[in-house]
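In what follows, chains are A, B, ... by sequence order, proteins preceding strands, each numbered from 1.
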2 protein chains.
Amino acid sequence: MSDSALIDAARDFNRFYTNFLGVLNKAYLDTPFTLTDARVLFEVGSQERLSAVALVRDLHLDAAYLSRILKRFKAEGLLETTPDPDDRRSQLISVTDRGREQFQELVRRSNAQIAGRFDKLAAGEPQSIVGAMKTIRSLLDPDATLPPLVIRPHRTGDMGWIVESQAKFYSEEYGWDMRFEGLVAEVAGRFLSTFDPAMEYAWIAERGGINIGSVLITNGGDGIAKLRLLYIDKSARGLGLGKTLVDECIRFARAKGYRQISLWTNDILSAARNIYLKAGFQLVSEEKHRMFGPELNGQTWILDL
Amino acid sequence: MSDSALIDAARDFNRFYTNFLGVLNKAYLDTPFTLTDARVLFEVGSQERLSAVALVRDLHLDAAYLSRILKRFKAEGLLETTPDPDDRRSQLISVTDRGREQFQELVRRSNAQIAGRFDKLAAGEPQSIVGAMKTIRSLLDPDATLPPLVIRPHRTGDMGWIVESQAKFYSEEYGWDMRFEGLVAEVAGRFLSTFDPAMEYAWIAERGGINIGSVLITNGGDGIAKLRLLYIDKSARGLGLGKTLVDECIRFARAKGYRQISLWTNDILSAARNIYLKAGFQLVSEEKHRMFGPELNGQTWILDL
DNA sequence: CAATTTAGTTGACTCAGTCAATCAATTGGA
DNA sequence: TCCAATTGATTGACTGAGTCAACTAAATTG
């Protein structure tokens with residue numbers, strides 16, 4: 001795609017999104033607030049203590065205009081200002097309890113608007129949209145901070161996500177065929193069907209509501225814990241997430257009294273192999289196979305606990 | 001993956017993009033046009049001949065306001081209007097040569113703004129942004145013509161999608177627990193692992209690259225085809241897609257020489273039951289079970305071919 | 001410590017956008 | 001077929017969101 005085609009597409013999107021936001025912002029029409037009022041309240045409500053200059057900068061408002069808005073909000077008891085102890089020209093703005101209520105009302109309305117849009121979409125589409133929004137934001141807004149990475153137990157739909165994302169990744173990257181997806185689905189399915197909360201666990205890493213990593217411990221019998229389906233999404237590589245997940249597995253296996261962790265992998269997956277090596281796993285056997293199409297070196301690794 | 005996390009993220013993006021567009025739209029500040037003027041000129045310039053109502057609708061403008069803008073543009077010789085021959089109340093608006101020049105000047109300024117942004121980015125990043133914009137647009141823009149519905153054989157990742165979407169749907173709608181997801185994953189996994197292209201098939205319905213429905217035929221032995229994992233996404237209900245997929249199954253089973261199709265379902269899934277009934281399936285057995293948490297009536301249906 | 005910059009306020013203004021009333025053409029029933 | 005309701009477009013009358021310039025007060029610079 002040529003540069004000018006990209007620019008045209010972006011301009012077109014902006015035109016579209018200007019309209020779209022125009023519609024969404026009608027949500028504020030039957031509140032006592034104008035769009036600018038709402039934006040100010042949003043900003044103050046979200047950030048708690050900030051100065052007027054910061055607002056002028058962030059929202060690109062006229063200082064005189066903002067001054068009047070703040071004055072009105074103060075008169076209505078929505079905001080209060082305290083002089084900045086470090087710079088007595090400046091004042092720090094924060095919401096009062098009443099202001100917080102109004103802010104939350106705005107959030108509710110705004111959320112309802114968005115939820116209304118999302119309701120009309122197919123399953124997974126909101127995720128696609130939000131994912132795309134995050135892409136745009138992270139590239140256009142250098143200050144954007146990533147939402148925190150959370151590691152949590154599995155819940156409904158996670159195993160499906162594991163099957164889909166692993167299948168797609170290994171297919172694209174290494175040309176593995178659908179038998180691999182079949183294996184993953186069977187492993188994931190058996191895990192859920194025979195799940196023993198006392199001895200088994202699944203860790204899902206997510207960021208901002210989007211899954212980015214996984215690992216399972218299943219009970220292999222004879223005091224052996226099996227580590228399975230370790231996977232880190234492209235977007236989260238290089239953060240040490242793989243190590244974190246494997247460490248969680250080891251801690252869990254120790255706590256549950258397993259005497260050994262075993263896992264099966266393939267030698268071309270070097271990032272994973274490094275994690276296992278560093279965690280103290282030892283390679284115990286290796287065999288060539290063609291389970292997924294291309295010839296691979298399957299490896300079994302073991303860690304004595 | 002929670003809904004509210006997605007909505008929060010979307011709201012946050014909208015807040016960000018409102019500011020962003022606010023900055024971009026400053027591009028028009030040193031032209032004789034207001035933002036609304038520019039939007040009108042853009043729309044007319046891009047679409048060539050359109051009616052005032054269409055503009056009011058698309059740009060969500062007040063009709064009175066638009067009327068004045070058009071009047072001014074006509075007076076300045078930027079636009080001309082001709083009465084719509086089909087409806088003499090209505091008039092078709094088009095740009096004059098001078099109008100086109102002005103329009104192109106706006107495009108130039110807008111492009112320059114965007115190019116300025118893109119210049120600061122790394123190689124490939126503009127592509128990512130534009131790709132993400134297209135994702136958002138295609139999903140949010142109701143006027144964007146729906147891409148055609150395609151029914152195709154399964155490919156990598158589809159089974160994972162089936163697991164995730166079915167698990168989420170039946171969990172939300174009927175409170176089924178994760179054992180259901182386990183069952184689906186096992187069925188899907190076994191299908192892939194033991195896939196026999198001669199006698200088995202999976203149909204995936206997709207629209208614009210997004211999966212919206214599925215059904216499988218697996219070989220149950222003894223001349224019995226098993227119909228499994230029929231699922232239609234929320235967004236595609238009521239289009240007769242379920243019937244289409246089941247019809248495909250029947251045609252396939254006949255062609256492959258099966259003598260019977262059997263399927264297992266639960267009585268609360270009335271939409272599916274209607275499809276089976278109309279296709280000629282007969283209920284042959286029924287038993288209460290609690291395989292997925294709540295008490296359900298499992299049903300076996302059979303169609304003789 | 002004078003000159004300059006920065007944070008915030010106030011007065012004065014204007015024009016972008018809204019609302020209600022009206023006209024003219026079209027559509028939809030009884 | 002004709003009357004009532006609807007739809008497209010325009011105009012008059014208005015308002016309040018947002019702008020610009022001038023000013024005060026505190027902080028920074030050199």
Practice task
Would you please confirm or rule out a distance under 4.0 Å between OP1 or OP2 of D:dA9 and any side-chain N or O of B:K71?
Solution key: no
Problem - B:R88, nearest nucleotide to its side chain (from D:dA9, C:dA25, C:dT9) - result: C:dA25
Exercise for the section: Could you tell me whether B:E173 and B:K234 have a side-chain N and a carboxylate O separated by less than 4.0 Å? Expected result: no
Handout entry: Value in whole Å for how far the P atom of C:dG8 lies from CG of A:L61
Key = 13 Å
Exercise for the section: Select one nucleotide: of D:dG8, C:dT9, C:dG8, the one nearest the side-chain heavy atoms of A:S51. Expected result: C:dG8
Exercise for the section: Return the value, rounded to whole Å, for the distance between atom CZ of A:R68 and atom C1' of D:dT19. Expected result: 9 Å
Fill in the blank from the handout: From CG of A:L55 across to C1' of C:dG8 the rounded distance in Å is 13 Å
Exercise for the section: Tell me whether the OP1 or OP2 atom of D:dA9 has a side-chain N or O from B:S90 closer than 4.0 Å. Expected result: yes
Practice task
Identify which nucleotide among C:dT10, C:dT18, D:dA26 has an atom closest to any side-chain atom of A:S67, counting heavy atoms from C-beta outward.
Solution key: C:dT10
Completion exercise
Closest of C:dT9, D:dT10, D:dA17 to the A:T34 side chain is D:dA17
Exercise for the section: Establish, yes or no, whether the cationic atom of B:R109 lies under 6.0 Å from the six-membered ring centre of B:F33 and within 45° of the ring axis. Expected result: no
Problem - B:Q91, nearest nucleotide to its side chain (from C:dT26, D:dT10, D:dT19) - result: D:dT10
Exercise for the section: State, without any angle test, whether B:N211 and B:D158 hold a side-chain donor-acceptor pair at a distance under 3.5 Å. Expected result: yes
Fill in the blank from the handout: When rounded to whole Å, the CZ to P distance for the pair B:R39 and C:dA16 reads 15 Å
Problem - Parallel, tilted or perpendicular: rings of A:F13 and A:Y17 (30°, 60°) - result: parallel
Practice task
Using a strict cut-off of less than 4.0 Å between a Lys/Arg side-chain nitrogen and an Asp/Glu carboxylate oxygen, indicate whether A:E101 and A:R98 qualify as a salt bridge.
Solution key: no
Completion exercise
In whole angstroms, the gap separating P of C:dG8 from CZ of A:R57 amounts to 11 Å
Practice task
Give A:A63 one of three labels, base, sugar-phosphate or nothing, depending on what nucleic acid heavy atoms sit under 4.0 Å from its own.
Solution key: base
Practice task
Map A:A64 and A:R89 onto DNA chain C by nearest heavy atom, then report which one ends up closer to the 5' terminus.
Solution key: A:R89
Handout entry: d(CG, B:L50; P, D:dG8) in whole Å
Key = 13 Å
Exercise for the section: Specify the separation, in whole Å, of atom CZ of B:F33 and atom P of C:dA16. Expected result: 12 Å
Problem - Spacing between A:D62 atom CG and D:dT19 atom P, to the nearest angstrom - result: 5 Å
